[in-house]
Amino acid sequence: MTVTRFAPSPTGFLHIGGARTALFSYLYAKGRGGQFLLRIEDTDRERSTQAAVDAIFEGMAWLGLKSDFPEIYQTRRFDRYAEVIEQMLAAGTAYRCYCTREELDAMRAEQQARKERPRYDGRWRPEPGKTLPPVPAGVPPVVRFRNPAEGQVLLRDLIKGEIVFDNRELDDLIIARADGVPTYNFCVVVDDMDMGITHVIRGDDHVNNTPRQINILKALGATPPQYAHVSMILGGDGQKLSKRHGALGVMEYRTMGFMPEALLNYLVRLGWSHGDQELFTREEMMAKFDFDHVSASPARFDMEKAWWVNHQYLKATDPAVIAPEFEWHLRRIGIDPAQGPALTAVIEQQRERCRSLVEMAEKSRFFFEELSGYNEKDAAKHLSAKAAPVLSALLEALAGPDWQPEALHAAVHGVAERLGLKLGDVAQPLRVALAGMAVSPPIDQTLFLLGRRRSLDRLQAALVRATG
RNA sequence: GCUCCUAUCGUCUAGAGGCCUAGGACGGAGCCCUCUCACGGCUUAAACCGGGGUUCGAAUCCCCGUAGGAGCGCCA
């Protein structure tokens, strides 16, 4: 069975690149009847925070990327790591190194001065016939992996293709610090092995770690998983995203007005394609996602296209599904959703003209709250003195009929006909009177949703303004 | 410096040697529709990084440049 994992380190929010990696992992496993798990890589206790852990859960939950297991924390697996390190020490695939940080720093500096690639020189690496330096007093040792000195490592990456690494390029990395805490490259290997991960899907900044991890896995007698290294996402300007430069947490996309499925759809198409298809339901993504069509090169995040996708979702999704998210946005800008028409009805009428839920909430305010005033430009144009007869005719015509879209439509058209005006000359003043601005859903729908009482009151107020 | 990766319209991409006069989508321009804003429909401009090979034939395979990027921690 396919088992994938998303393994973020909790040092910040869940950003867009992480979300895409998580999505790919999730889709690949779930589309094959497999399992997906979330693992928190918190071995760096200096930088890991609970707030970041919470932010990651929150982001994953909003996106609907559910783990099939309770989340796993590496810090709770220290006993297991210690056990494996002991095994490796006993087997001779790892050894203790008594170099101090100062020694290592000096080594690196010298190598860089000689324009060489910095690497551990193996001074504590046991070799047949080699005499190791005397163990210094008072230096707690680190444990290093004894990487094979010869040969090559072949990585068959599902995205990048075959990559060959020479073992001579790889040095003996530290797998346990002097204080006994194991390091990332080691924990990952043990976890992936223990958890039966079949496909490691992660950012391509890890490509260079992979041969080391494969070597450790082999030293442990395990079969390496398949790897898929996903390229990163660049900002719209082609620059790398960072905290300083445009990197946003997924929850900020919620605040901006994205639907979670829409964000997911945009993200899945960023670097992956399925012919010419642009829009996918969650089920389609799961069924169709594969690594044969994932691009190896980095992609830019194009906000315009992301909005387009969001708009497509707003237009096509069942309003009942959108409603809770819409309500969240209404409340966020201080609107009480109870003080107006049914949200599903408002969504139905507004979604054609809104690319974001923020836009929808703002454009729908007049349905839920009394008008705080008119857009002055629109009022000047449509509520001038010459609008007065139109408004009073409307007041009269709308007093009678059933408050249903068809009857309201007929009433407005009737006024235009009677006064010998184009529909626009009647609908626009009416629109500004009702909405406070010259933009709203079709006029009959606007009237209908706003209700008789509010409509007539606002018409009356507009008439006062036009005459006065 | 060394190792590794990447390269098709402005952007996301299709393209598995002939189906390519390089397709789609976003964005742009224009037209139509129209009670506003939109939606929608139609039309249009816009790309194979450069140079060498391989081949009857290359966007596609190989090599070399060039340009971007990643990594080289007792970080992950």
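Letters A, B, ... mirror the listed sequences (proteins, then strands); counts begin at 1. Just so it is clear, the model here is predicted, and its values are computed rather than measured.
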- [ ] Return the residues of residues 142-153 of chain A meeting this criterion: a heavy atom under 4.0 Å from some atom of RNA chain B. Order them by number, or give none.
- [x] A:Val142

TODO: Kindly label the base of B:C39 as syn or anti, based on whether its glycosidic torsion lies within 90° of 0.
DONE: syn

Task: Touch class at under 4.0 angstrom, heavy-atom based, for A:Asn185 against every strand present - done: base

Open item on the list: By the 4.0 Å heavy-atom rule, please label A:Ser440 as base, sugar-phosphate, or nothing.
Closed with: base

Open item on the list: In whole Å, measure the gap between the C1' atoms of B:G24 and B:C31 for me.
Closed with: 22 Å

- [ ] Determine the interatomic distance between C1' on B:U8 and the same-named atom on B:C48; round to the nearest Å.
- [x] 4 Å

Open item on the list: Is any side-chain heavy atom of A:Ile159 closer than 4.5 Å to one of A:Val230?
Closed with: yes

Open item on the list: When the C1' atoms of B:G18 and B:C61 are compared, how many Å lie between them, rounded to an integer?
Closed with: 15 Å

Task: Electrostatic pair A:Asp191:A:Arg5 at N-O distance under 4.0 angstrom - done: no

TODO: Please report, rounded to the nearest Å, how far the P atom of B:A25 is from the CG atom of A:Leu279.
DONE: 12 Å

Task: Listed partners of A:Thr75 passing side-chain hydrogen bond (donor to acceptor under 3.5 Å, both in side chains), at least two apart - done: A:Asp42

TODO: Could you walk me through whether A:Thr11 and A:Arg47 pass side chain to side chain donor-acceptor pair (under 3.5 Å), step by step?
DONE: CA-CA 6 Å; A:Thr11 55; A:Arg47 299 197 301 162; 5.4 Å; no

Task: Validation row: A:Arg351, A:Pro319 side chains within 4.5 angstrom (heavy atoms) - done: yes

- [ ] Quote, to the nearest angstrom, the C1' distance that separates B:G27 from B:A45.
- [x] 13 Å

Task: Closest listed nucleotide, where the reference is the side chain of A:Ala296 and the choices are B:U6, B:C26, B:A76 - done: B:U6

Open item on the list: So, OP1 or OP2 of B:G40: does either fall under 4.0 Å of a side-chain N or O from A:Lys315?
Closed with: yes

Task: Residue-level proximity of residues 46-53 of chain A to RNA chain B when a heavy atom falls under 4.0 Å - done: A:Arg47

TODO: With RNA chain B as reference, determine whether A:Lys240 or A:Glu169 sits nearer its 5' end, using the nearest nucleotide of each.
DONE: A:Glu169

Task: A:Glu46 CD: over 12 foreign heavy atoms closer than 6.0 Å - done: no

Open item on the list: The test is salt bridge (charged side-chain N to carboxylate O under 4.0 Å, His left out); show your working for A:Glu304 and A:Arg355 and say whether it passes.
Closed with: CA-CA 10 Å; A:Glu304 284 302 319; A:Arg355 298 209 297 178; 3.2 Å; yes

Open item on the list: Can you tell me if A:Thr43 touches the phosphate of B:A76, counting only side-chain N or O atoms and a distance under 4.0 Å to OP1 or OP2?
Closed with: yes

Task: Rounded C1' spacing from B:G28 to B:C64 in Å - done: 38 Å

Task: A:Tyr184 ring center near A:His206 ring center (under 6.0 Å) - done: yes

- [ ] Determine: side-chain N/O of A:Thr183 to OP1/OP2 of B:C74, distance under 4.0 Å, yes or no.
- [x] no

Task: Partner of A:Tyr266 under side chain to side chain contact (heavy atoms under 4.5 Å, CB included), chosen from A:Lys305, A:Glu278, A:Glu261, A:Arg20 - done: A:Lys305

Task: Pairwise 5' ranking along RNA chain B for A:Arg212 and A:Arg114, keeping only the more 5' one - done: A:Arg114

Task: Length of the CG-P vector between A:Leu173 and B:G71, whole Å - done: 17 Å

TODO: Calculate the interatomic distance between A:Gln312 atom CD and B:A38 atom P; express it in whole Å.
DONE: 16 Å

- [ ] Would you indicate what A:Cys99 reaches in the nucleic acid, counting non-hydrogen atoms under 4.0 angstrom: base, sugar-phosphate, or nothing?
- [x] base

Task: From B:G40, B:G15, B:U3, nucleotide with atom closest to A:Asn208 side chain - done: B:U3

Open item on the list: Salt bridge check, A:Asp378 against A:Lys381: does any charged N sit closer than 4.0 Å to a carboxylate O?
Closed with: no

- [ ] Please state how far atom CG in A:Asp172 lies from atom P in B:G73, giving the value in whole angstrom units.
- [x] 13 Å

- [ ] Let me know the distance between CG of A:Asp204 and P of B:C72, rounded to the nearest Å.
- [x] 13 Å

Every protein N/O lying under 3.5 Å from an N/O of nucleotides 28-35 of chain B:
from, atom 1, to, atom 2, distance (Å)
B:C35, O2, A:Arg431, NH1, 3.1
B:C35, O2, A:Arg431, NH2, 3.0
B:C35, N3, A:Ile443, N, 3.2

TODO: Check whether more than 12 heavy atoms from other residues, nucleotides or ligands sit under 6.0 Å from atom CD of A:Glu83, and answer yes or no.
DONE: yes

- [ ] Tell me, please, whether A:Phe145 has A:Arg212 positioned over its six-membered ring: NZ or CZ under 6.0 Å from the ring centre and within 45 degrees of its axis?
- [x] no

Task: Sequence-distant partners of A:Tyr313, side-chain hydrogen bond (donor to acceptor under 3.5 Å, both in side chains), two or more places apart - done: A:Asn265

Report each atom pair, protein N/O against N/O of nucleotides 10-12 of chain B, whose distance is under 3.5 angstrom.
from, atom 1, to, atom 2, distance (Å)
B:C12, OP1, A:Arg300, N, 3.1
B:C12, O2', A:Arg269, O, 3.0

TODO: Check every strand shown and say whether A:His206 touches a base, only sugar-phosphate, or nothing at a heavy-atom separation below 4.0 Å.
DONE: base

Open item on the list: Quick check on B:C72: is either OP1 or OP2 less than 4.0 Å from any side-chain nitrogen or oxygen of A:Arg108?
Closed with: no

- [ ] Could you tell me how the ring of A:His413 sits relative to the ring of A:His409: parallel (under 30°), tilted (30 to 60°) or perpendicular (over 60°)?
- [x] tilted

Open item on the list: Nearest to the side chain of A:Arg117, heavy atoms from C-beta on, is which of B:A76, B:C2, B:U36?
Closed with: B:C2

Open item on the list: What's A:Ala438 touching, base or sugar-phosphate or nothing? Going by heavy atoms closer than 4.0 Å.
Closed with: base

- [ ] Provide the Watson-Crick or G-U wobble partner of B:A45, both distances under 3.5 Å; none if there is no partner.
- [x] none

Open item on the list: Quiz question: going by heavy-atom distance under 3.5 Å, is there a donor-acceptor pair between the base of B:G71 and the side chain of A:Asp205?
Closed with: no

TODO: Give a yes/no on whether any side-chain N or O of A:Arg355 is located under 4.0 angstrom from OP1 or OP2 of B:G27.
DONE: yes

Open item on the list: Parallel, tilted or perpendicular, judged at 30° and 60°: which one describes the rings of A:Trp272 and A:Phe280?
Closed with: tilted

Open item on the list: Over all strands shown, is A:Asn209 touching base, sugar-phosphate only, or nothing at heavy-atom distances under 4.0 angstrom?
Closed with: base

Open item on the list: Between A:Glu362 and A:Arg353, does any NZ, NE, NH1 or NH2 come within less than 4.0 Å of an OD or OE carboxylate oxygen?
Closed with: no

